[in-house]
Amino acid sequence: MIKKETIRAYALENAIKHKGKSNQGSVLNSLFAEGLKKENIKETIPVIQEVIDEINSLSFEEQEAQYHLTKHQLKKREQREGLPELENAEHEKVVLRFAPFPSGPLHIGNTRQLILNDEYAKMYKGRLILVMDDTIGSEEKPIEKEAYKLIEEGVNWLDVNRDKKIIYKSDRIKDYYEYAEELIKKGYMYVCSCTKEEIRETRAEGVECPCRNLPESEHMKRWKEMFKAKEGEYVVRLKTSMQHPNPAFRDRVLFRISEREHIRIGKKYRVWPLLEFSWAIDDHLLGVTHIIRGIDLIMETEVEKFIWNIFKWKNPTVLHTGHLAIQGIKISKSKGAKEVRAGQYIGWNDPRTWSLQSLRDRGIKPEAIREFIISMGMTKSNSTVAVDMLYAINRKFLEDCPRYFFVEDPIKIKISGAPAIDAELPLHPSKNLGKRIYETSQEFYIQRQDAELFQDKNYRLMHLLNFRSEQLLKTKPRTFSFISEDTDKNLDVKFIQWLPANDDNIVTKIRMDDGSMITGIGEPELANLKIGDQVQFERFGFVKLYKKNPGELEFWFTHR
Ligand SMILES: [Zn+2]
């Protein structure tokens, strides 16, 4: 039950915000931050009403005076737009966890769970634990040594507020053994020597295998033998029920033998827990209060609950979020890893991996990713969002970028009659970012693709001059003739990107989002940029400077 003086403090604050009239619903809402539980709402409402009646009868000055005396009692909670309150959440007592399997760096698809967990930890001033979910993995989905560092780097880059200490599942195997033994001794788990095929068959038919009803002492003996046995000889199964309506839930396998070498701890262990067993134990040991995980893990949640209930442990609140598909991109952590190892990708930051490292190097802001994820909320249903939405959000953060000229695959044209111009061009149309001066003659570089599309029409070199393109005879080359400098509303023109044809331009390469590289020339001023600077190439898109070589710059493409 919340103290009356606390309720009074919130009611006073609410009255001051609303012209001296405190509102019951708003006060009630704010009490959840104080630990108000759903089951206590009914008894709390009359108290709130009593307090409000009293406060609303005070003058505004009096309300203000009293508010200043009581406001220290308010637990200020940062309001996070877009996300609903967390069930059963108590201020400063929420403990969450984010547990990636280290098969590669985190990618955009993983950020949903990470950011939701982080947002809720921040909302309730709780804790978020980073857990490396590194049990043995499989042949098809092995652990990557570098993934540990890459995951940590990605989490930090997204400005996630987590416990300093990282938990490694591979350090806790002995703990899992301890609890497993207890469950075997008490007859809640058993050691099964049936083959995979036999298990599949009996499970489908709902028939108990001969191992199931052996005495506990026999299972303890088998459990000890398991540590010397061969892969596949034994598995440990949870005694749920072989008649459970969902065959997948029937006596799940929770431990198995794997002779594979663990990348972090070598061959120290050969009996490995499955994810749901390790989680059932760790969520308890780590004091996790809330689990936010994908809807694909509903079965795992059920198994965890089953185990928590055997031990009579308090169940954390579990929330499942729908699967998020991002239209326009294809991600597979294991495929990405394969391509990186095979040298098909340039590294863990290859744009095709969609790793956080790749997004960072392309120039996607961590704030944009966060906003993108939060905008999708906590929906349980699967959803598809276009990647363009992420780009649209990111663009807001890049509005102030200076704009430069870049010409892809340049060819030279001559515009006869064009005067020598000292063109003063600002780096931004509205921000005062400075300007540069181009001295132009009659020769210009333009993009080959633009040149190939020339028709007998009028064109404009961006910010510079209008000209006419003509081909009088099919056998004769196209000619270009100067019209005027100023923009002319009466002149129907198509815009062309350009650079003055001189030796000052700098070779500029751009790594595109499909991994390909395009080459062109950029204006000389680009040489003054620092690695990591983000700029916009006019009529091309946003880019981030990745590498500087003598006489050559490499940018990565962000988006249009
Ligand atoms: Zn069996």
Side-chain angles (χ1 to χ4, degrees), residues 101 133-142 169-170 172-262 267-284 296-313:
F101 177 70
D133 209 352
D134 62 340
T135 48
I136 191 68
S138 63
E139 208 71 64
E140 309 80 56
K141 203 182 165 194
K169 281 268 172 86
S170 53
R172 303 166 71 79
I173 306 300
K174 283 225 162 103
D175 290 334
Y176 308 136
Y177 289 167
E178 222 175 89
Y179 287 95
E181 270 178 36
E182 195 179 332
L183 291 180
I184 296 168
K185 269 185 201 155
K186 289 181 177 164
Y188 291 107
M189 294 209 297
Y190 63 99
V191 185
C192 169
S193 61
C194 300
T195 62
K196 250 189 203 168
E197 292 69 34
E198 284 166 341
I199 291 180
R200 195 178 306 140
E201 221 170 274
T202 50
R203 181 179 276 156
E205 288 163 8
V207 185
E208 295 175 0
C209 80
C211 321
R212 197 182 202 266
N213 294 313
L214 293 172
E216 277 92 56
S217 57
E218 175 60 24
H219 287 302
M220 274 311 289
K221 212 176 105 202
R222 283 183 170 203
W223 166 253
K224 297 228 160 79
E225 278 167 21
M226 208 173 156
F227 291 81
K228 287 171 229 127
K230 287 206 175 61
E231 219 168 285
E233 229 173 299
Y234 291 116
V235 292
V236 177
R237 299 171 71 180
L238 181 66
K239 251 187 212 174
T240 49
S241 153
M242 284 310 275
Q243 285 79 45
H244 193 278
N246 185 347
F249 195 68
R250 291 174 189 165
D251 288 19
R252 295 269 284 194
V253 172
L254 292 185
F255 277 88
R256 60 193 172 89
I257 300 168
S258 173
E259 293 175 60
R260 292 174 51 239
E261 188 168 340
H262 191 281
K267 292 212 166 184
K268 196 168 168 190
Y269 301 109
R270 48 192 287 122
V271 175
W272 289 92
L274 272 85
L275 173 139
E276 53 268 48
F277 186 84
S278 66
W279 271 123
I281 304 305
D282 278 341
D283 281 326
H284 171 70
D296 52 316
L297 293 176
I298 280 192
M299 182 56 69
E300 282 75 3
T301 300
E302 288 309 307
V303 175
E304 278 199 63
K305 281 185 181 161
F306 194 88
I307 296 171
W308 294 330
N309 293 340
I310 294 173
F311 286 113
K312 299 196 169 61
W313 290 337

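Position 1 is the first residue of the sequence, and the numbers go up from there. The figures here come from the full heavy-atom set of this structure, side chains too, leaving out hydrogens, waters and symmetry mates. Whatever order the structure lists them in is the order used to number ligands and atoms, beginning at 1.
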Given the rule in the ring pair (Phe, Tyr, Trp, His ring centres under 6.0 Å) test, do Tyr177 and Trp223 qualify, once you have shown the distances and angles that lead to the verdict? CA-CA 10 Å; Tyr177 289 167; Trp223 166 253; 5.8 Å; yes
Going by the ring-ring contact (aromatic ring centres under 6.0 Å, His included) test, which pairs reach into residues 189-218, not counting sequence neighbours? Tyr190-His219
Which pairs pass salt bridge (charged side-chain N to carboxylate O under 4.0 Å, His left out) with one or both residues in residues 219-231, sequence neighbours excluded? Glu218-Lys221, Glu218-Arg222
So Glu300 and Arg252, salt bridge (Lys or Arg N to Asp or Glu O under 4.0 Å) or not? Walk me through it. CA-CA 10 Å; Glu300 282 75 3; Arg252 295 269 284 194; 3.8 Å; yes
How many protein N, O or S atoms are found at a distance of less than 2.8 Å from the Zn ion (ligand 1)? 4
For side-chain hydrogen bond (donor to acceptor under 3.5 Å, both in side chains), just list the numbers for Asp133 and Trp279, CA-CA rounded to whole Å, side-chain angles, deciding distance to a tenth of an Å, and then say yes or no. CA-CA 9 Å; Asp133 209 352; Trp279 271 123; 3.2 Å; yes
In chain order, what residues pass the side-chain hydrogen bond (donor to acceptor under 3.5 Å, both in side chains) check against Ser258, with sequence neighbours excluded? none
